[in-house]
Student: 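Can you keep this structure in mind? I'll have questions shortly.
These numbers come from the heavy atoms of this one structure, side chains and all, not from hydrogens, waters or symmetry mates.
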Amino acid sequence: MRPRRLAAVMRKEFLHVRRDPRSLLLALFIPFLLLGLFGWTLSLDVDDVAIAVWDQSGTAESRRLVAAFAGSPYFRVAPGGSYAELERALASGKARAALVVPPELGRNAARGRPTALQLVVDGSDPTVGALVQGYADAVVASHAADLARAAAAPLGASPQAAALELRPRIWYNPDLVTRNAIVPGLVATILAIIAALMTSLTIAREWETGTMETLIATPVTGPELIVGKLAPYFLIGLADAALALAVSRFVFEVPLRGSVWLWFAATSVFLGATLGFGILISTVARSQLLASQVAFLTTLLPSFLLSGLVFAIADMPRPIQALSGLFPARYFVDVLRGIHLKGLDLAGVAWQIAALGAFALVALALATRVFRKKLA
């Protein structure tokens, strides 16, 4: 190994790095980005849980019970006026649990009789569901113990057994099977990665191989080129989606309580959003290496960390929650879990599908605008 030749090769490579400042910037920026994302999102703590409460008793005793939940660091109480309201709150994701206080709570408390409380927990996220049930048990047990001590103190007697009993019910995923929540989220993540990576290299490959000059010499317009390049990958994405649905349903036995046609309709909109974003990356980057790096940062990491697949978005810091709204996978995971586990119809997932449609339109419009049918 000759030092002079080695130095020449090293100098040549440094010149390549200097001539591609965008890749160098990403290489320096990625470690700080990963540290920040993992540091803020990797947390199994669950707090500020929205719990809908239907207080049928309306007594001082029931209000003290509700105040015990509101005073807990784990719960945020949202009042409900009927069982139907509780069902809607759980189905829409506005509440993770619902507490039903029976009308006889006040009478039973005055007579020293036990009272059963119903707790309904959203089990579509098994980890969160189990923690919420444990937190609610702890709040009710602590409140019941306080009542027992308060009743026994004037008599100088020992506190009796707790007069409140929490009877939990798990909806959507009664056995809290983790696979039922993870597999639909994985389908969303895999489709996002495949779609974005496939299309992020299409136009960049044309520029690097020199075939873009040939395309520019043809009468094909920019929109025709963009849509024409997307169409094959859209069909491939649908085939991947059909395979993923079959595997999740028949191999992993994940229930599909909603409409299969709604599943494919939502998936088509999601593919449009991710494919459009991938073609936008390819149009801007003009380098396969840079395009793949950007696609990795904007699809793989957000799909795992900011989509709700592993970590609940509601428990992340507010700026990170806002950031998650910029990635289509965040909405698609909700859609798939809602269709699979909750059996939601179009009305139940309409706003998520509308958000995905907006992403698709914006990405395609930007890709068409950025692309110029001329050499730069």
Student: Got a second to check how far Ser57's OG is from Leu65's CG, nearest 0.5 Å?
Tutor: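 Answer rounded to 0.5 Å: 9.5 Å.
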Student: Examine distances only and state if a side-chain atom of Glu85 and a backbone atom of Gly81 form a donor-acceptor pair shorter than 3.5 Å.
Tutor: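 Here the side-chain-to-backbone pair exists.
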Student: Between Arg167 and Glu165 (salt bridge meaning N to carboxylate O under 4.0 Å), is one present in this structure?
Tutor: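 Yes.
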Student: Tell me the closest heavy-atom pair linking Leu306 and Ser324, and the distance in Å.
Tutor: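 Smallest heavy-atom distance, with atoms named: O-CB, 3.2 Å.
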Student: Which atoms form the tightest heavy-atom contact between Gly325 and Tyr331, and what is the distance?
Tutor: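 Closest approach of Gly325 to Tyr331, heavy atoms only: O-OH, 2.8 Å.
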Student: Do Arg76 and Phe69 come within less than 4.5 Å of each other through their side chains, counting heavy atoms only?
Tutor: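 Counting from C-beta outward, Arg76 and Phe69 never come under 4.5 Å.
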Student: Hydrophobic cluster membership, with links at side-chain heavy-atom distances under 4.5 Å among I/L/V/M/F/W/Y: are Leu245 and Phe250 in one?
Tutor: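 No, no single cluster joins them.
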Student: If I compare all heavy atoms of Ser248 with all of Val183, which pair ends up nearest, and what's the gap?
Tutor: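 Smallest heavy-atom distance, with atoms named: CB-CG1, 3.3 Å.
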Student: Under a 4.5 Å side-chain heavy-atom rule over Ile, Leu, Val, Met, Phe, Trp and Tyr, are Val120 and Phe75 clustered together?
Tutor: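 No.
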Student: Is there a path of hydrophobic side-chain contacts, each under 4.5 Å between heavy atoms of I, L, V, M, F, W or Y residues, that connects Val333 with Ile339?
Tutor: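 Looking at the clustering, Ile339 is in a separate group from Val333.
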Student: Distance check, rounded to the nearest 0.5 Å: Leu271 atom CG versus Phe332 atom CZ?
Tutor: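 Here the rounded value is 7.0 Å.
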Student: Could you pull out the closest heavy-atom pair between Tyr233 and Leu275, with the gap in Å?
Tutor: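 Closest approach of Tyr233 to Leu275: CB-CD2, 3.9 Å.
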Student: What are the two closest heavy atoms between Ala266 and Ile353, and how far apart are they?
Tutor: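 So the two residues come closest at CB-CD1, 3.9 Å.
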Student: Supply the atom-to-atom distance Phe359 CZ to Leu364 CG, rounded to the nearest 0.5 angstrom.
Tutor: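 Between Phe359 CZ and Leu364 CG, I get 13.0 Å after rounding to 0.5 Å.
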Student: Are Lys229 and Thr199 close enough that some pair of their side-chain heavy atoms sits under 4.5 Å apart?
Tutor: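 No, every pair of side-chain atoms sits at 4.5 Å or beyond.
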Student: Taking C-beta and beyond as the side chain, do Gln56 and Val101 meet within less than 4.5 Å on heavy atoms?
Tutor: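 Side-chain contact under 4.5 Å: no.
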Student: Show the nearest heavy-atom pair for residues Leu86 and Gly80, with the distance to one decimal.
Tutor: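 Closest approach of Leu86 to Gly80, heavy atoms only: CD2-CA, 4.3 Å.
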Student: Between Leu344 and Leu262, is a side chain to side chain contact (heavy atoms under 4.5 Å, CB included) present by the stated rule, with each step listed?
Tutor: CA-CA 9 Å; Leu344 297 181; Leu262 179 59; 5.9 Å; no
Student: Output yes when Asp122 and Lys342 qualify as a salt bridge under the 4.0 Å nitrogen-oxygen rule, no when they do not.
Tutor: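 Yes, charged N to carboxylate O under 4.0 Å.
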Student: Show, in sequence, the C-alpha distance, side-chain angles and deciding distance for Val335 and Thr267, and conclude whether the side chain to side chain contact (heavy atoms under 4.5 Å, CB included) test is met.
Tutor: CA-CA 9 Å; Val335 170; Thr267 301; over 6 Å; no
Student: When rounded to the nearest 0.5 angstrom, what is the spacing between OG in Ser124 and CG in Leu176?
Tutor: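 If I round to the nearest 0.5 Å, the distance is 10.0 Å.
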Student: So, do Leu341 and Arg257 sit near enough that their side-chain heavy atoms are less than 4.5 Å apart?
Tutor: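 The answer is yes, as the side chains (C-beta and beyond) meet within the 4.5 Å cut-off.
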Student: Taking atom types as modelled, is there a side-chain donor on Asp55 or Ser62 under 3.5 Å from an acceptor on the other?
Tutor: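 Yes - a donor-acceptor pair under 3.5 Å links their side chains.
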Student: Could you check if a side-chain atom of Val177 sits within less than 4.5 angstrom of a side-chain atom of Pro126, using non-hydrogen atoms only?
Tutor: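 No. Closest side-chain heavy atoms not under 4.5 Å.
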Student: Within the 4.5 Å heavy-atom criterion, are Val100 and Leu117 side-chain neighbours or not?
Tutor: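 With C-beta onward as the side chain, the pair stays apart.
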Student: Less than 4.5 Å apart, side chain to side chain, heavy atoms only: is that true for Pro79 and Val53?
Tutor: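 Pro79 vs Val53: side chains apart.
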Student: Could you tell me the separation between the CZ atom of Arg330 and the CG atom of Leu323, rounded to the nearest 0.5 Å?
Tutor: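 Reported value, rounded in 0.5 Å steps: 11.5 Å.
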Student: Return yes when atom CZ of Phe264 has more than 12 non-hydrogen atoms of other residues, nucleotides or ligands closer than 6.0 Å, and no otherwise.
Tutor: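 Yes, the 6.0 Å shell around CZ holds more than 12 heavy atoms from other groups.
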Student: If you apply the rule side chain to side chain contact (heavy atoms under 4.5 Å, CB included), what do you find for Thr59 with Arg64, and how did you get there?
Tutor: CA-CA 9 Å; Thr59 60; Arg64 281 194 290 268; over 6 Å; no
Student: Could you state whether Val77 and Leu164 fall into the same hydrophobic cluster, counting links through intermediate Ile, Leu, Val, Met, Phe, Trp or Tyr residues with side-chain heavy atoms under 4.5 angstrom apart?
Tutor: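 Yes; tracing contacts between hydrophobic side chains, which count when under 4.5 Å, links both residues.
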Student: Could you give the distance from CG (Asn173) to OG1 (Thr178), rounded to the nearest 0.5 Å?
Tutor: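 Here the rounded value is 8.0 Å.
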Student: Measure from the side-chain N and O atoms of Arg337 to the backbone N and O of Ala181, and report whether any donor-acceptor pair falls under 3.5 Å.
Tutor: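 The answer is yes, because a donor-acceptor pair under 3.5 Å joins these two groups.
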Student: Between Asp240 and Ile194, is the side chain to side chain contact (heavy atoms under 4.5 Å, CB included) condition met? List the steps.
Tutor: CA-CA 9 Å; Asp240 287 336; Ile194 291 176; 3.9 Å; yes
Student: Ignoring hydrogens and angles, tell me if any N or O in the side chain of His340 forms a donor-acceptor pair with the backbone of Pro255 under 3.5 Å.
Tutor: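 Yes.
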Student: Just so I know, are the side chains of Trp171 and Val121 near enough to count as touching, which here means a heavy-atom distance under 4.5 Å?
Tutor: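 Of all side-chain heavy-atom pairs linking Val121 with Trp171, none is under 4.5 Å.
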Student: Going hydrophobic residue to hydrophobic residue with side-chain gaps under 4.5 angstrom, can you get from Leu361 over to Val269?
Tutor: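 In one cluster with Leu361: Val269, no.
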